[in-house]
There are 2 protein chains.
Amino acid sequence: MRKLGLVPTIQRLVVLEFLENNHTHPTAEEVYQGVRNQFPSLAKATVYNVLDALKKAGGIQELTIAREAARYDYNPDPHPHFLCRICGNLYDVDLPCSIRPGDKIGGHLVEVAQVYLYGICAQCQKQSSLDKNESKTGPGRSSASTKRRNDAGAP
Amino acid sequence: MRKLGLVPTIQRLVVLEFLENNHTHPTAEEVYQGVRNQFPSLAKATVYNVLDALKKAGGIQELTIAREAARYDYNPDPHPHFLCRICGNLYDVDLPCSIRPGDKIGGHLVEVAQVYLYGICAQCQKQSSLDKNESKTGPGRSSASTKRRNDAGAP
DNA sequence: TCTAAGTCTATAATTATTCTAATATGAATA
DNA sequence: TATTCATATTAGAATAATTATAGACTTAGA
């Protein structure tokens with residue numbers, strides 16, 4: 001925490017630890033809910049403040065992959081992300097990126113580069129083909145988890 | 001408009017025409033303001049509906065490059081975008097993209113791929129070096145246009 | 001023209017995020 | 001250790017983008 005140039009308060013440590021243990025790229029709200037159990041006095045504004053401070057210090061990164069809410073990644077190094085429009089899960093993706101901070105493109109100085117992919121994740125593809133087979137014999141059920149909203153929007 | 005499978009209402013035509021003539025990637029609010037002059041009865045909800053319909057029909061694309069508001073691009077073909085954190089302008093960028101819709105990455109089916117770049121645009125770099133020289137001789141002035149909010153946030 | 005389906009308008013509601021002002025805490029100093 | 005100052009936290013209100021709702025209005029096709 002000190003390496004980031006931040007005063008190491010208990011709130012910051014708790015939030016950072018939560019992100020360290022939850023690589024699901026939670027929203028600020030999800031961080032707030034997840035941390036409330038072990039730290040009920042934590043205010044939601046503090047979650048926003050802490051996430052912002054950590055982001056600005058380079059300890060985490062913020063993802064604007066979905067319009068509804070920002071998501072936070074414990075890993076501050078740039079790497080592509082994949083958002084499933086069925087289940088809403090957000091995955092890290094391993095791909096080489098041709099653009100680096102410091103590059104100039106069309107005269108514009110690049111400081112941050114984000115690659116966001118949208119589609120159907122491996123698990124939901126599998127589920128959807130299972131559902132199709134099921135529907136030949138019995139009543140089907142939705143393959144979509146309702147963990148997050150259902151139509152996580154591709155732009 | 002019919003090619004998109006949409007009922008060609010006057011509202012849809014006016015919004016689409018506005019985007020055709022304004023390649024600045026406006027927000028829904030900016031579309032609304034820009035169209036009000038020639039069509040004062042247009043409701044803001046209609047702007048959202050129309051933009052959503054056009055997006056779903058594949059006539060335009062929605063960009064979630066900034067957390068504050070979605071932006072809309074008359075060109076529905078995927079291509080990288082650059083957001084300047086000084087002036088807030090959003091630029092199209094010409095870069096080959098290695099990922100195509102239909103690709104599978106780590107088992108995930110990619111339908112849409114977005115590349116978002118954040119930094120300082122060519123014009124603002126120039127302006128900032130001008131300001132530095134100015135400040136040696138006289139009182140400086142901010143180089144930042146206030147056209148949009150000033151700290152268009154990189155994630 | 002008549003009708004059903006789809007669209008538009010105005011307004012209210014929702015939701016993520018930011019602001020504000022008071023309080024509390026951490027770091028530096030006497 | 002007591003004091004001080006800057007910074008952080010809290011709770012709640014405020015803001016702003018977006019979505020939902022309900023009724024009026026168009027559009028396309030018979």
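In this text, all values refer to a predicted model and were calculated from it rather than measured experimentally. Letters go in sequence order (proteins before strands), and every chain restarts at 1.
For the pair A:Glu68 CD and D:dA16 C1', the computed distance is 16 Å after rounding to whole Å. At whole-Å resolution of the value, CD in A:Glu62 and C1' in C:dA16 are 12 Å apart. Separating the CZ atom of A:Arg71 from the P atom of C:dA16 is a distance of 12 Å, rounded to the nearest angstrom. One atom, CD of B:Glu30, and another, P of D:dA16, lie 14 Å apart when rounded to the nearest Å. Note: OH (A:Tyr32) to P (D:dT10) measures 10 Å, nearest angstrom. Taking atom CZ on A:Arg36 and atom C1' on D:dT10, their separation rounds to 13 Å, with Å as the unit.
By the side chain to side chain contact (heavy atoms under 4.5 Å, CB included) test, A:Leu95 pairs with A:Pro80, A:Val93, B:Ile99, B:Ile105, sequence neighbours left out. Under the side chain to side chain contact (heavy atoms under 4.5 Å, CB included) criterion, A:His23 pairs with A:Tyr74, not counting sequence neighbours. Judged as a side-chain hydrogen bond (donor to acceptor under 3.5 Å, both in side chains), and not counting sequence neighbours, A:Gln11 has no contacts. Residues that satisfy the side chain to side chain contact (heavy atoms under 4.5 Å, CB included) test with A:Pro8, not counting sequence neighbours, are A:Met1, A:Arg2. In this view, B:Lys126 satisfies the side chain to side chain contact (heavy atoms under 4.5 Å, CB included) rule with no residue, not counting sequence neighbours. The salt bridge (Lys or Arg N to Asp or Glu O under 4.0 Å) search around A:Glu29 returns A:Lys44, not counting sequence neighbours. Residues satisfying the ring pair (Phe, Tyr, Trp, His ring centres under 6.0 Å) test with B:Tyr91, not counting sequence neighbours, are A:His108.
OP1 or OP2 of D:dA28 has at least one side-chain nitrogen or oxygen of B:Arg2 nearer than 4.0 Å. Listed pair A:Tyr48 / C:dT17 meets the phosphate criterion, a side-chain N or O lying under 4.0 Å from OP1 or OP2. Taking 4.0 angstrom as the limit, B:Arg67 places none of its side-chain polar atoms (N or O) nearer than this to OP1 or OP2 of C:dT15.
Rounded to 10 degrees, the angle separating the terminal axes of the helix from C:dT1-D:dA30 to C:dA30-D:dT1 is 30°, with each axis obtained from five end pairs.
Here the side chains of A:Leu54 and A:Arg12 are not in contact, with every heavy-atom distance at 4.5 Å or above. Put simply, the side chain of A:Glu62 reaches to within 4.5 Å of the side chain of B:Arg67, judged on heavy atoms.
Across all strands, A:Ala53 comes closer than 4.0 Å to no nucleic acid atom at all (heavy-atom distances).
Taking the six-membered ring for Trp and thresholds of 30 and 60 degrees, B:Tyr116 and B:Tyr118 have ring planes more than 60 degrees apart, a perpendicular arrangement.
Against DNA chain C, the stretch residues 13-22 of chain A makes no heavy-atom approach under 4.0 Å.
Using a 4.0 Å cut-off between charged side-chain N and carboxylate O, A:Arg100 and A:Asp103 make no salt bridge.
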Report, one pair per line, the protein and nucleotides 3-6 of chain D atoms (nitrogen or oxygen only) whose separation is under 3.5 Å.
none

Where do N or O atoms of nucleotides 8-14 of chain C meet protein N or O atoms at under 3.5 Å, pair by pair?
{"from": "C:dC8", "atom 1": "OP1", "to": "B:Thr9", "atom 2": "OG1", "distance (Å)": "2.6"}
{"from": "C:dC8", "atom 1": "OP1", "to": "B:Gln11", "atom 2": "OE1", "distance (Å)": "3.4"}
{"from": "C:dC8", "atom 1": "O3'", "to": "B:Gln11", "atom 2": "NE2", "distance (Å)": "2.8"}
{"from": "C:dT9", "atom 1": "OP1", "to": "B:Gln11", "atom 2": "NE2", "distance (Å)": "3.4"}
{"from": "C:dT9", "atom 1": "OP1", "to": "B:Ser41", "atom 2": "O", "distance (Å)": "3.2"}
{"from": "C:dT9", "atom 1": "OP2", "to": "B:Ala43", "atom 2": "N", "distance (Å)": "3.3"}
{"from": "C:dT9", "atom 1": "OP2", "to": "B:Thr46", "atom 2": "OG1", "distance (Å)": "2.6"}

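Checking C:dT17, C:dA27, C:dT7 against every side-chain atom of A:Pro8, the shortest atom distance belongs to C:dA27.
Under a 3.5 Å cut-off, the side chain of B:Glu30 and the backbone N or O of B:Arg71 do not form any donor-acceptor pair.
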**Study point:** From CA spacing to verdict: side chain to side chain contact (heavy atoms under 4.5 Å, CB included), A:Leu83, A:Leu63
**Key:** CA-CA 11 Å; A:Leu83 178 65; A:Leu63 308 173; over 6 Å; no

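Under a 4.5 Å side-chain heavy-atom criterion applied to ILVMFWY residues, the cluster that includes A:Val7 comprises that residue alone.
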